[in-house]
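Atoms considered below: every heavy atom in the structure, side chains included; atoms not considered: hydrogens, waters and symmetry mates. Letters A, B, ... mirror the listed sequences (proteins, then strands); counts begin at 1.
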2 protein chains.
Amino acid sequence: MAGAVHEVAETLVRRTRARVTRARVAVLATLLAAERALTHHEIERRIKRNLGIDRVTVYRVLEWLTARDLAHKISDDDRVWRFNAAKKEHGRRHAHFKCNSCGGVTCLDKAMTVRSVLVPSGFRSQEIELTVKGLCAGCGPAARRRSRVRAQHRH
Amino acid sequence: MAGAVHEVAETLVRRTRARVTRARVAVLATLLAAERALTHHEIERRIKRNLGIDRVTVYRVLEWLTARDLAHKISDDDRVWRFNAAKKEHGRRHAHFKCNSCGGVTCLDKAMTVRSVLVPSGFRSQEIELTVKGLCAGCGPAARRRSRVRAQHRH
DNA sequence: CCGCAAATTGCAACCGAGTTGCATCAAAAA
DNA sequence: TTTTTGATGCAACTCGGTTGCAATTTGCGG
Ligand SMILES: [Mn+2]
Ligand SMILES: [Mn+2]
Ligand SMILES: [Zn+2]
Ligand SMILES: [Zn+2]
């Protein structure tokens, strides 16, 4: 599990022909192991447990991974960047989901179908960014029902 | 012109039954007069020419206007909020256009037509946020052609 | 017009995410 | 192993935005 992602990460970094450093491998492995997009803080916390990598280095590694398309960064209105390992299943242009309750951000694999967003005359549209907001599986009504039942069982 | 927006702004603020202050009227008037969404800095610059209102006050007024739906704020991946007077022509949910060249943000009045963005099972979609990126009228190829001609004329 | 209470403002200090300069360190080429 | 070159650690910094609190305004009654 953890070891496997680590090796995958190392291979991916090595493939870029650039230097294979602990920091790069560790950050990429963390992203690969994550189910959702991670903030800088989440990444740092998960890494610092083992190695003592400086936060500036984490920032620089994230920037590097993004430039090499090994990761992509997602902007968010809470003014915090979130990062995701670039997996093949989500194509170049994909939408994102942001949970209104826990704040978690998830990539939506399926290509988004946006029909004709008309821009004013003279404007030229180049790309479309789309974010769906709502409740994730962990925060939705089903999950709340589950946790209510759990509470009843406890007594 | 400038005087007219000012009076409109004053009326709008008075309608809320809250206190009508110089700062509130000035900020709202600035937003009403603007053709595009303005950053805090742009607003402050345009106001400071006349009155000497503190930047913190501008922040608080913007927050207040937003809460009263007299303005709405737009998040942007440059980590800067932009504000727009809430005009009736752009409905409650509308898309935004961000120019990749000058960074300007414009509200897109027309309702956006997004068909079926499918979210993972267990997820519940509540709202959709859409940003079109590209070149605005002032930065597009037509505008560049115009400015090239202007340069030729100059010699 | 005057006095009062409550809301608003100005100021200074603060916050947190991200960046920069520079000396030191380590990957990999030689 | 030595050398070269790029990566890292650390401290200081930037910048948009926020907070606490005392001083000022606003709107209201009288
Ligand atoms: Mn994504
Ligand atoms: Mn808008
Ligand atoms: Zn959630
Ligand atoms: Zn432009």
Return the value, rounded to whole Å, for the distance between atom [atom1] of [X] and atom [atom2] of [N].
| X | N | atom1 | atom2 | value |
| --- | --- | --- | --- | --- |
| B:L62 | C:dT8 | CG | C1' | 15 Å |
| A:I53 | D:dC10 | CD1 | C1' | 15 Å |
| B:H40 | D:dT18 | NE2 | C1' | 12 Å |
| B:E42 | D:dG16 | CD | P | 11 Å |
| B:E63 | D:dT19 | CD | P | 8 Å |
| A:R45 | C:dA17 | CZ | P | 11 Å |
| A:R17 | C:dA27 | CZ | P | 18 Å |

Out of [options], whichever nucleotide has its closest atom nearest the side chain of [X]:
| X | options | value |
| --- | --- | --- |
| B:V61 | D:dT8, C:dC11, C:dT9 | C:dT9 |
| B:W81 | D:dG9, D:dG17, C:dA17 | D:dG17 |
| A:R19 | C:dA28, D:dT8, C:dG10 | C:dA28 |
| B:V56 | D:dG17, D:dG9, C:dC11 | C:dC11 |
| A:R79 | D:dG17, C:dG18, C:dG10 | D:dG17 |
| A:V80 | C:dG18, D:dT19, C:dT8 | C:dG18 |
| B:R55 | C:dG10, D:dG16, D:dG17 | D:dG17 |
| A:D54 | D:dG17, D:dG9, C:dA28 | D:dG9 |
| B:R60 | C:dG10, D:dG9, C:dT8 | C:dG10 |
| A:W64 | C:dG18, D:dA7, C:dT8 | D:dA7 |

Phosphate oxygens OP1/OP2 of [N]: is one of them under 4.0 Å from a side-chain N or O of [X]?
| X | N | result |
| --- | --- | --- |
| A:H41 | C:dA17 | yes |
| A:Y59 | C:dG18 | yes |
| A:T21 | D:dT8 | yes |

Spacing of A:D69 atom CG and A:T16 atom OG1 [to the nearest 0.5 Å]: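 Interatomic distance, A:D69 CG to A:T16 OG1, rounded to 0.5 Å: 12.0 Å.
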
Gap between atom OH of B:Y59 and atom CD1 of B:I43 - 0.5 Å precision: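 That separation rounds to 9.5 Å.
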
A:R19 backbone acceptor or donor facing A:R24 side chain under 3.5 Å: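 Judged by distance alone, yes, a pair lies under 3.5 Å.
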
Ring geometry between A:H96 and A:H72 (parallel below 30°, tilted from 30 to 60°, perpendicular above 60°):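 Judged by the thresholds at 30° and 60°, the geometry between A:H72 and A:H96 is parallel.
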
Sugar-phosphate only, base, or nothing, as touched by B:R24 at under 4.0 Å among non-hydrogen atoms: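 Sugar-phosphate, backbone atoms only, no base.
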
Cationic N near anionic O, under 4.0 Å, A:R14 to A:E10: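 The answer is yes: the pair qualifies as a salt bridge.
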
Flag side-chain contact, heavy atom, 4.5 Å: A:D76 against A:T39: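 With C-beta onward as the side chain, the pair stays apart.
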
